[in-house]
Amino acid sequence: MLSGRITRLDRGWSTVLLSDGAIVRVRNLGVEVAVGDFVDVSSDIERVERVHERRSALTRRSSFEGARGTRQIVASNIDVVFVVHAVNAAVNQRRLERELVLAFDSGATPVVVLTKIDTLSPEAAEAVRESLAQVALGVDIVLVSSRTGEGIDLIRAHSPADTTVAFIGASGVGKSTLVNALVGHEVQRTAEVREDDQRGRHTTVAAELIALPGGAWLLDTPGLRAVTLWTSGIGIERAFRDVFEIADNCRFRDCKHLDEPDCAVLAAINAGTLPVLRLMAMRQLVAEELSVEEEQVERERAQDRRGFRRKKPQ
Ligand SMILES: Nc1nc2c(ncn2[C@@H]2O[C@H](COP(=O)(O)OP(=O)(O)O)[C@@H](O)[C@H]2O)c(=O)[nH]1
Ligand SMILES: [Mg+2]
Ligand SMILES: [Zn+2]
């Protein structure tokens with residue numbers, strides 16, 4: 001039995017790095033596969049035979065016609081998701097919260113990375129870290145500069161040998177520059193590269209699972225950058241653990257923190273210990289999650305009506 005890991009997907013084909021170091025391209029028809037999957041390949045090296053159980057998976061809502069509202073696996077077996085923001089006083093906290101929910105949801109450990117610290121004084125950078133610690137509760141926050149190299153060792157410390165890491169974050173925050181600094185040469189184009197310098201760059205097909213010098217793997221697949229990733233209750237609970245902890249003290253177990261008597265969450269907002277924007281952001285994510293679930297239920301009903309799904313025997 002040949003086993004390996006999927007490093008790239010192209011319509012019906014998987015590129016698999018076999019455990020002996022060989023790279024093969026095999027068919028993946030009939031199996032749901034994602035970049036990062038550990039798989040068995042048929043002995044004739046024709047197709048993916050089996051996908052090993054995933055220890056984590058980043059998923060998103062499928063945008064394929066006819067499959068809307070279904071879960072699509074974007075990347076799997078990621079240990080650490082680096083959530084990247086450029087350090088400045090105006091870090092988008094709501095975006096950060098959403099990214100943390102997604103990372104927690106996947107089963108990976110999120111680590112917040114504040115880049116470009118060379119643009120601020122150490123004190124100002126530290127102040128940004130402290131303000132974000134209120135949003136990224138219990139999550140490590142590392143300060144780095146790809147320009148001076150400061151803090152890159154902290155990223156390495158979070159990416160020990162055999163782990164798989166991924167970087168998410170808005171365009172322009174410095175992800176590619178950081179990846180290039182980690183790899184030691186240019187594997188990703190940065191905003192610095194002008195259009196007319198790019199000719200011929202796409203002649204070789206890049207892997208989406210890249211070996212880092214320390215023995216870790218960097219997973220970078222296009223779907224990772226999509227914003228319509230899937231959220232679920234677990235991620236929300238972990239990213240908003242402060243709100244959930246306070247809510248333990250509400251009088252009613254099913255308190256919606258709207259106007260119920262003895263609501264500990266509303267009391268915390270009145271007392272100024274919980275920012276109201278944080279509660280609103282959480283509500284927004286919960287509402288999105290519910291609408292996705294409704295969409296899925298609706299889709300299953302429609303399939304039932306069309307007779308696509310056989311009724312379970314009672
Ligand atoms: N001053 C400074 N600029 C940086 C740093 N990292 C990236 N940049 C710049 O930020 C811009 C966007 O970087 P890029 O890596 O392409 O961002 P990406 O879109 O997140 O991949 C480029 O002009 C980089 O040179 C840093 O640590 N310090
Ligand atoms: Mg980039
Ligand atoms: Zn309440």
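Values in this document were obtained by computation on a predicted structure and should not be read as measured data. Every number for a ligand or one of its atoms is a count from 1 in the order of the listing.
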Q: Would you indicate whether Glu126, at its atom CD, is surrounded by more than 12 heavy atoms from other residues, nucleotides or ligands within a distance under 6.0 Å?
A: yes

Q: Taking atom CG of Asp44 as the centre, does the number of heavy atoms from other residues, nucleotides or ligands within less than 6.0 Å exceed 12?
A: yes

Q: Going by the atom numbers of ligand 1, which of them fall below 4.0 Å from some non-hydrogen atom of Val173?
A: 17 (O), 20 (O)

Q: At under 4.0 Å between heavy atoms, which part of Asp118 makes contact with ligand 1: side chain, backbone, both or neither?
A: side chain

Q: Whether the Asp118 and Thr148 side chains hold a donor-acceptor pair (N or O, under 3.5 Å, no angle test) is what I'd like checked.
A: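 Distance-only check fails for Asp118 and Thr148.
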
Q: Would you indicate whether the side-chain heavy atoms of Asp220 and Phe167 approach each other to under 4.5 Å?
A: no

Q: For Arg5 and Thr164, does a side-chain donor sit closer than 3.5 Å to a side-chain acceptor?
A: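 Yes, because at least one side-chain N or O of Arg5 sits under 3.5 Å from a partner of the opposite role on Thr164.
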
Q: Looking at every heavy atom in both Ile155 and Ser159, which two are closest together, and how far apart are they?
A: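 For Ile155 and Ser159, the tightest heavy-atom pair comes out as O-OG, 2.6 Å.
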
Q: By number and element, which atoms of ligand 1 are closer than 4.0 Å to a non-hydrogen atom of Thr177?
A: 6 (N), 7 (C), 13 (O), 14 (P), 15 (O), 24 (C)

Q: Show which atoms of ligand 1 fall inside a sub-4.0 Å distance from at least one heavy-atom site of Ala170.
A: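 Listed by number with element, the hits are 20 (O).
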
Q: Can you name the atoms of ligand 1, numbered from 1 with element, that are less than 4.0 Å from a heavy atom of Lys175?
A: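 Listed by number with element, the hits are 15 (O), 17 (O), 18 (P), 19 (O), 20 (O), 21 (O).
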
Q: Where's the contact between Ala86 and ligand 1, heavy-atom distance under 4.0 Å: side chain, backbone, both or neither?
A: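 Under 4.0 Å from ligand 1, Ala86 contributes no heavy atoms.
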
Q: Mind telling me whether Phe82 and His158 have parallel, tilted or perpendicular rings, with 30° and 60° as the class edges?
A: perpendicular

Q: When only distance counts, is Gly174 in polar contact with ligand 1, meaning an N/O pair under 3.5 Å?
A: yes

Q: Going by heavy atoms in the side chains, are Leu100 and Val112 under 4.5 Å from each other?
A: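 Yes, side chains in contact.
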
Q: Enumerate the ring-ring contact (aromatic ring centres under 6.0 Å, His included) contacts for residues 239-277, please, sequence neighbours excluded, ordered by first and then second residue.
A: none

Q: Listing residue and atom name, which protein N/O/S atoms are closer to the Mg ion (ligand 2) than 2.8 Å?
A: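 Within the sphere that stays under 2.8 Å of the Mg ion (ligand 2), the protein atoms of type N, O or S are Ser176 OG.
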
Q: Just to verify, which of Val101, Val139, Leu132 counts as forming a side-chain contact (heavy atoms from CB on, under 4.5 Å) with Leu96?
A: Leu132

Q: Check contact between Thr119 and ligand 1, using heavy atoms of the residue and a distance below 4.0 angstrom.
A: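 True for this residue.
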
Q: Quick one: are Asn77 and Phe38 in side-chain contact, heavy atoms under 4.5 Å?
A: yes

Q: Looking only at heavy atoms, is any part of Thr148 under 4.0 Å from ligand 1, and if so is it the side chain, the backbone, or both, or is it neither?
A: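 The answer is neither.
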
Q: Protein N/O/S atoms under 2.8 Å of the Zn ion (ligand 3)?
A: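 Near the Zn ion (ligand 3), the protein supplies Cys250 SG, Cys255 SG, His257 ND1, Cys263 SG.
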
Q: As an exercise, identify every atom of ligand 1 less than 4.0 angstrom from a heavy atom of Ser145.
A: 27 (O)

Q: Going by heavy-atom distance to atom 18 (P) of ligand 1, choose the closest among Gly169, Ser146, Gly172.
A: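 Residue with the shortest heavy-atom distance to the ligand atom: Gly172.
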
Q: So, His52 versus Asp40: side-chain donor-acceptor pair below 3.5 Å or not?
A: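 Asp40 and His52 do have a side-chain donor-acceptor pair below 3.5 Å.
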
Q: Test Val51 against every option in Glu49, Glu53, Arg54 by the side-chain contact (heavy atoms from CB on, under 4.5 Å) rule and name the one that passes.
A: Arg54

Q: Can you pull out every side-chain hydrogen bond (donor to acceptor under 3.5 Å, both in side chains) where at least one residue sits in residues 17-35? Sequence neighbours excluded, please.
A: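 Output for this query lists Ser14-Asn28.
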
Q: Consider every N or O of Thr115 and every N or O of ligand 1, then say whether any pair is closer than 3.5 Å.
A: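 No; every N/O pair is 3.5 Å or more apart.
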
Q: Around Arg251, counting heavy atoms of other residues, nucleotides and ligands shown, do more than 12 lie under 6.0 Å from its CZ?
A: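 Result for CZ/Arg251: enclosed.
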
